[in-house]
Amino acid sequence: MAYLGENIGKLGFGLMRLPQKDGAIDVEQTKEMVDLFMAAGFTYFDTAWAYAGSEDAIRQALVERYPREDFQLATKNAAWINCKTKEEAYSQFETSLKQTGAGYFDFYLLHNLGEGRTHYFDDFDMWNWAFEKKAEGLIKHVGFSFHSTAKELDEILTAHPEAEFVQLQINYGDWDNPAVQSKACYEVARKHGKPVIIMEPVKGGMLANPPESVAKIFKEAEPESSVASWAIRFAADLEGIITVLNGVSNVEQMKDSISAMKDFHGFNEAQKKTLAEASAEMKRIPLIPCTTCNYCAKVCPAGIGISGSFTAMNYLTLYGDKEMAKGQETWLVGGHGFKGASQCIGCGKCEEACPQHIAIRERLKEVSEAL
């Protein structure tokens with residue numbers, strides 16, 4: 001099989017955060033962004049059945065305005081969202097074909113594998129189904145996106161060597177983050193010989209506004225470059241990459257992404273040194289030293305989402321974005337069936353189990369007050 005990234009520019013257009021106008025996607029601004037992207041020689045677009053309005057918007061902004069052979073379109077199937085039968089899961093594909101008007105998909109992803117979501121794709125025999133669609137010419141490449149541990153990624157790739165690629169959350173902020181495991185997941189994909197599509201290179205925009213001490217290092221090294229461009233280039237500098245998705249939300253962000261990537265051929269030694277300094281500075285910021293081993297959760301009689309609460313608090317400390325931190329808390333705590341930090345009964349069993357010797361009860365009070 002030819003390397004999937006050989007004819008694709010290293011910048012991909014992520015369509016999850018398209019501009020809004022009057023409560024709906026701004027299709028006219030999206031058209032302008034598409035035109036800038038295509039004019040710069042980039043051709044990869046990433047949407048999903050679960051991105052409200054996105055597939056319809058890209059039909060209008062791209063599919064109806066450019067020859068089909070001039071671009072690659074990826075979409076995703078989220079079988080774990082309200083699907084009780086395989087027919088319901090399969091119907092997402094037909095909906096995506098109708099909404100995009102694309103005729104076929106260059107890349108089709110089983111969406112957001114990991115934790116309790118993975119089994120749906122096996123239960124509904126979706127791997128075989130997807131490759132049947134490929135044989136029919138409706139899909140060119142089958143892979144999956146993933147949000148979980150490197151151990152689980154290894155298990156999935158071992159069980160499904162037929163996967164042609166994997167889409168991972170990779171950025172310099174999460175490279176050594178024990179909750180996200182960017183580096184470890186990337187290394188698992190490389191071990192299995194799978195090319196990688198990178199998502200969240202700017203971490204939902206947070207690495208466009210990192211802590212001031214981190215931003216200062218980047219601006220002193222390259223005053224003319226945006227801080228966000230360093231995050232995109234870090235991802236693109238890795239080996240075995242198909243493309244780096246950037247979910248831009250306006251024309252200016254698109255222009256900045258294009259300027260960073262149009263002539264990018266890899267970091268030089270000085271740039272690598274700058275990135276290392278910035279990463280080291282990020283690590284110096286005092287965070288709760290939780291490694292998400294979750295030994296605490298196994299002994300907590302109140303069912304508190306301790307590691308998720310600490311991850312959310314660390315987001316707030318690093319990026320100063322309370323809404324983003326609260327979103328993380330909602331997903332990592334309530335979304336995984338745990339109770340919030342304020343429900344701690346103060347028994348201390350978690351602290352006895354914690355290998356990092358964290359003062360968990362005191363830290364949970366801080367989380368409760370801050371979020």
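Everything numeric in this text was worked out from a predicted model, so none of it was measured.
Under the 4.5 Å side-chain heavy-atom criterion for ILVMFWY residues, no single connected hydrophobic cluster contains both Ile345 and Tyr295. In this structure, Val180 is not a member of the same hydrophobic cluster as Leu332, with clusters built from ILVMFWY side-chain heavy atoms closer than 4.5 Å. Cluster membership for Tyr51 and Met33, using ILVMFWY side-chain heavy atoms within less than 4.5 angstrom, is not shared. Hydrophobic cluster membership differs between Phe310 and Met282, with clusters built from Ile, Leu, Val, Met, Phe, Trp and Tyr side chains linked at under 4.5 angstrom. With hydrophobic clusters built from ILVMFWY side chains whose heavy atoms lie under 4.5 angstrom apart, Leu371 does not share a cluster with Tyr319.
A salt bridge between Glu329 and Lys326 is absent, with no side-chain N of the basic residue lying under 4.0 Å from a carboxylate O of the acidic one. With respect to the salt-bridge test (charged N to carboxylate O, under 4.0 angstrom), the residues Lys151 and Asp154 do not qualify. For Lys86 and Asp125, the salt-bridge test fails: no basic side-chain N is under 4.0 Å from an acidic carboxylate O. Salt bridge present: Arg68 and Asp106 bring a charged side-chain N and a carboxylate O closer than 4.0 Å.
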Please walk me through it: do Glu352 and Val299 pass side chain to side chain contact (heavy atoms under 4.5 Å, CB included)? CA-CA 9 Å; Glu352 295 173 6; Val299 300; over 6 Å; no
Go through the steps for Asp56 and Gln60 under the test side-chain hydrogen bond (donor to acceptor under 3.5 Å, both in side chains), then give the verdict. CA-CA 7 Å; Asp56 183 68; Gln60 298 176 66; 3.0 Å; yes
Go through the steps for Ser148 and Glu115 under the test side-chain hydrogen bond (donor to acceptor under 3.5 Å, both in side chains), then give the verdict. CA-CA 7 Å; Ser148 190; Glu115 301 173 330; 4.5 Å; no
Does the pair Leu364 and Ile306 meet the rule for a side chain to side chain contact (heavy atoms under 4.5 Å, CB included), with working shown? CA-CA 7 Å; Leu364 286 175; Ile306 298 171; 4.3 Å; yes
Walk me through whether Glu269 and Lys272 qualify under salt bridge (Lys or Arg N to Asp or Glu O under 4.0 Å). CA-CA 5 Å; Glu269 289 305 312; Lys272 289 179 180 178; 3.7 Å; yes
Test side chain to side chain contact (heavy atoms under 4.5 Å, CB included) applied to His119 and Asp122, step by step: CA-CA 5 Å; His119 75 89; Asp122 291 316; 5.5 Å; no
Evaluate the side chain to side chain contact (heavy atoms under 4.5 Å, CB included) criterion for residues Phe93 and Met126: first the C-alpha distance (whole Å), next the side-chain angles of each, then the deciding distance (0.1 Å), finally the verdict. CA-CA 11 Å; Phe93 180 78; Met126 296 200 68; over 6 Å; no
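Side chain of Asn77 to main chain of Ala89: a donor-acceptor pair is present (N/O by atom type, distance under 3.5 Å, no hydrogens or angles). Using a distance-only test at 3.5 Å, with no hydrogens or angles considered, a donor-acceptor pair links the side chain of Thr292 to the main chain of Pro178. Put simply, the side chain of Arg17 never gets that close to the backbone of Ser249: no donor and acceptor are under 3.5 Å apart. Under a 3.5 Å cut-off, the side chain of Asn171 and the backbone N or O of Asp174 do form a donor-acceptor pair. No donor-acceptor pair closer than 3.5 Å links the side chain of Glu281 to the backbone N or O of Ser213. Asn246 contributes no side-chain N or O that, together with a main-chain N or O of Val248, makes up a donor-acceptor pair within less than 3.5 Å. Side-chain atoms of Ser54 come within 3.5 Å of backbone N or O of Leu15 as a donor-acceptor pair. Proximity of a side-chain donor or acceptor of Glu351 to a complementary backbone N or O of Ile360 within less than 3.5 Å is detected. The backbone N or O of Ala78 lies less than 3.5 Å from a partner atom in the side chain of Gln92, making a donor-acceptor pair. Put simply, the side chain of Thr243 gets close to the backbone of Gly12: a donor and an acceptor are under 3.5 Å apart.
The minimum heavy-atom distance between Phe146 and Thr149, with the atom names listed, is CZ-O, 3.2 Å. Between Thr118 and Gly114, the shortest heavy-atom contact is OG1-N, 2.7 Å. Nearest heavy atom pair, residue Ala79 against residue Cys83, reads O-CB, 3.0 Å.
Using a 4.5 Å heavy-atom cutoff, the side chains of Phe234 and Leu207 are not in contact. Residues Cys290 and Arg363 fail the side-chain proximity criterion, which asks for heavy atoms closer than 4.5 Å. Residues Gln271 and Glu222 are in side-chain contact: their nearest non-hydrogen atoms beyond the backbone lie under 4.5 Å apart. For the pair Met16/Asp46, no side-chain contact is recorded, criterion being any heavy-atom separation below 4.5 Å from C-beta on. Residues Tyr186 and Gln181 have side chains not in contact (no heavy-atom distance under 4.5 Å, counting atoms from C-beta outward). Side-chain contact check for Pro210 versus Leu318: every heavy-atom pair is 4.5 Å or farther apart. Side chains of Ile25 and Gln20 form a contact here, defined as non-hydrogen atoms less than 4.5 Å apart. A 4.5 Å side-chain heavy-atom check between Ile139 and Tyr104 finds every atom pair outside the cut-off.
Ring geometry for Tyr90 versus Trp129: interplanar angle under 30°, hence parallel rather than tilted (30 to 60°). Using bins of under 30°, 30° to 60° and over 60° for the plane-to-plane angle, the ring pair Phe13/Phe45 lands in the tilted bin. Relative ring orientation between Phe218 and Trp230 is described as parallel, the plane-to-plane angle staying below 30° on a 0-90° scale split at 30° and 60°. Ring geometry for Phe264 against Phe267 counts as perpendicular: the plane angle is over 60°, on a 0 to 90° scale with 30° as the lower cut.
If you take CD on Glu136 and CZ on Phe131, they are separated by 13.5 Å, rounding to the nearest 0.5 Å. In this structure, the separation between OG1 on Thr43 and CZ on Phe71 is 10.0 Å, given to the nearest 0.5 Å. Distance check: Lys183 NZ to Cys185 SG gives 12.5 Å after rounding to the nearest 0.5 Å. Considering CG of Leu157 and NZ of Lys191, their distance stands at 8.5 Å, rounded to 0.5 Å. In this structure, the separation between CD on Gln167 and CD on Glu200 is 9.5 Å, given to the nearest 0.5 Å. Here the CE-CE distance, from Met206 to Met324, works out to 4.5 Å after rounding to the nearest 0.5 Å.
The local environment of CD in Glu69 is crowded, with over 12 non-hydrogen atoms from other residues, nucleotides or ligands closer than 6.0 Å. The number of heavy-atom neighbours closer than 6.0 Å to CD of Glu362, taken from other residues, nucleotides and ligands shown, is 12 or below. By the 6.0 Å contact criterion, NZ on Lys349 is open, its count of non-hydrogen atoms from other residues, nucleotides or ligands being 12 or less. Within a 6.0 Å radius of CG in Asn268, other residues, nucleotides and ligands contribute more than 12 heavy atoms. Dense packing is recorded around NZ of Lys31, with more than 12 heavy atoms of other residues, nucleotides or ligands lying under 6.0 Å away.
In this model, no donor atom of one side chain and acceptor atom of the other lie less than 3.5 Å apart for Glu55 and Thr100.
The only member of Trp127, Phe144, Phe121 that meets ring pair (Phe, Tyr, Trp, His ring centres under 6.0 Å) when paired with His160 is Trp127. For the salt bridge (charged side-chain N to carboxylate O under 4.0 Å, His left out) with Glu164, the lone residue among Lys134, Lys194, Lys140 that qualifies is Lys134.
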